[in-house]
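Encoded as structure tokens, the structure appears first; notes follow it.
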Amino acid sequence: MIKKSMYLDASLDHPFTIAVLDYRFSSDRGTENDYFIQQKIIEEIYSFFKKRNQVVLTALRDGHIVLLIPLSPGNEFQFRTKECINHLYTVFSGYNFKMGLSTISDELERAHDVFQEALTALNMNEGTRDIIKFEEVDLLSILMHTGSTPAVLQKAEKMLGPLLMKEDPKMNELLKTLYVFLQCGGNLECSMKELNISMSGLRYRIKRLEELLSCQIRNPKSAFQLYASFETLLKAKMITID
């Protein structure tokens, strides 16, 4: 893909996202999946984005069509990917399309990890939705369906996000606060005693944590995923709690 970008004059200086597209015949048309159809779909995708003044890099990997989408300011890629799938449905009648979409990255050397995010999202898409984003996949689903250590570690790191900035003492403080809070089952009195801080101090930290993580840490589902993330990273010795 990177070599192809030089020929297509596609800048990889911008952040990018990766989409992995799967396609299948409708159940009444068998399971044929051949190279000719793959190329026709790729050509149609390339044409779709070119008409919208955007270059998309494509490749085939394990029977899937992989799209690397360079992003520029104002690029509404999520709308474009949905619009693209709708377009494919009109061109290729009798086919079903599903797509897994990665997070956005500005580090080209992470392209393989970003691809794994998109592939994981695609594999988790068992419902009727055309597109599922890696951010929408919960850790439990990955653990139950893939058993993929790299994918689990990636998801765990993204769950805890900014708290893993080891060089920032305040983030380390908040990381410990969250871990203790979860170990105490969300009990404020227990957390306050374990951390040796005031109730007002604890409430402030909880508010700050929810702002940073964009989730309600007292919500049972969120709390479970956060605690599972801690246990995953602790077991892998990727973090420590002092």
- If the plane angle is over 60° it's perpendicular, under 30° parallel, otherwise tilted; pick one for Tyr179 and Phe230.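 Tilted: the ring planes of Tyr179 and Phe230 meet at 30° to 60°.
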- Same cluster or not: are Ile206 and Tyr204 linked, directly or through other Ile, Leu, Val, Met, Phe, Trp or Tyr residues, by side-chain heavy atoms under 4.5 angstrom apart?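 No; tracing contacts between hydrophobic side chains, which count when under 4.5 Å, never links both residues.
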Between [X] and [Y], does at least one N-O distance fall below 4.0 Å, as a salt bridge requires?
| X | Y | answer |
| --- | --- | --- |
| Lys82 | Asp130 | yes |
| Lys158 | Glu135 | no |
| Asp168 | Lys166 | no |
| Arg208 | Glu211 | yes |

Point-to-point distance, once rounded to the nearest 0.5 Å, from [atom1] of [X] to [atom2] of [Y]:
| X | Y | atom1 | atom2 | answer |
| --- | --- | --- | --- | --- |
| Ile131 | Cys84 | CD1 | SG | 8.5 Å |
| Gln54 | Phe48 | CD | CZ | 9.0 Å |
| Ile197 | Glu173 | CD1 | CD | 7.5 Å |
| Leu233 | Thr240 | CG | OG1 | 11.5 Å |
| Leu160 | Met165 | CG | CE | 13.5 Å |
| Ile41 | Leu21 | CD1 | CG | 6.5 Å |

- Item | Test item: Ser191 side-chain N/O and Asn187 main-chain N/O as donor-acceptor pair under 3.5 Å |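 Yes; at least one donor-acceptor contact below 3.5 Å.
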- Message: Donor-acceptor check, side chain of Glu210 to backbone of Ile217, threshold 3.5 angstrom: yes or no?
- Response: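 Judged by distance alone, yes, a pair lies under 3.5 Å.
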- Looking only at side chains, do Glu117 and Thr103 share a donor and an acceptor under 3.5 Å apart?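 Result is yes, a qualifying pair exists.
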- Return the minimal non-hydrogen interatomic distance between Ala236 and Leu153, and the atom names on each side.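 Taking every non-hydrogen atom into account, CB-CD2, 3.8 Å.
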- List in chain and number order the residues that pass disulfide bond (SG atoms under 2.5 Å apart) with Cys215, two or more places apart in sequence or in another chain; answer none if no residue qualifies.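 By the disulfide bond (SG atoms under 2.5 Å apart) rule, Cys215 matches no residue at all.
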- Task: Apply salt bridge (charged side-chain N to carboxylate O under 4.0 Å, His left out) to Glu231 and list each qualifying residue two or more places apart in sequence or on a separate chain.
- Result: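 Here no residue qualifies.
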Just so I know, are the side chains of [X] and [Y] near enough to count as touching, which here means a heavy-atom distance under 4.5 Å?
| X | Y | value |
| --- | --- | --- |
| Leu57 | Val66 | no |
| Lys50 | Val55 | no |
| Ile69 | Thr81 | yes |

- Query: Checking side chain to side chain contact (heavy atoms under 4.5 Å, CB included) for the pair Ile65/Leu67: CA distance, chi angles, key distance, verdict?
  - Reply: CA-CA 7 Å; Ile65 296 172; Leu67 316 176; 3.9 Å; yes
- Of all pairs that satisfy ring pair (Phe, Tyr, Trp, His ring centres under 6.0 Å), the ones with a partner from residues 104-124, not counting sequence neighbours: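 Not a single pair qualifies under ring pair (Phe, Tyr, Trp, His ring centres under 6.0 Å).
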- Message: If you take the centroid of each ring, where Trp contributes its six-membered ring, are Phe25 and Tyr95 closer together than 6.0 Å?
- Response: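 Centroid separation for Tyr95 and Phe25: below 6.0 Å.
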- Message: With ring-ring contact (aromatic ring centres under 6.0 Å, His included) as the criterion, how do Tyr23 and Phe92 come out once you've worked through the C-alpha distance, each side chain's angles and the decisive distance to 0.1 Å?
- Response: CA-CA 10 Å; Tyr23 67 94; Phe92 299 94; 8.3 Å; no
- From CA spacing to verdict: side chain to side chain contact (heavy atoms under 4.5 Å, CB included), Ile42, Leu60: CA-CA 9 Å; Ile42 288 174; Leu60 293 173; 3.8 Å; yes
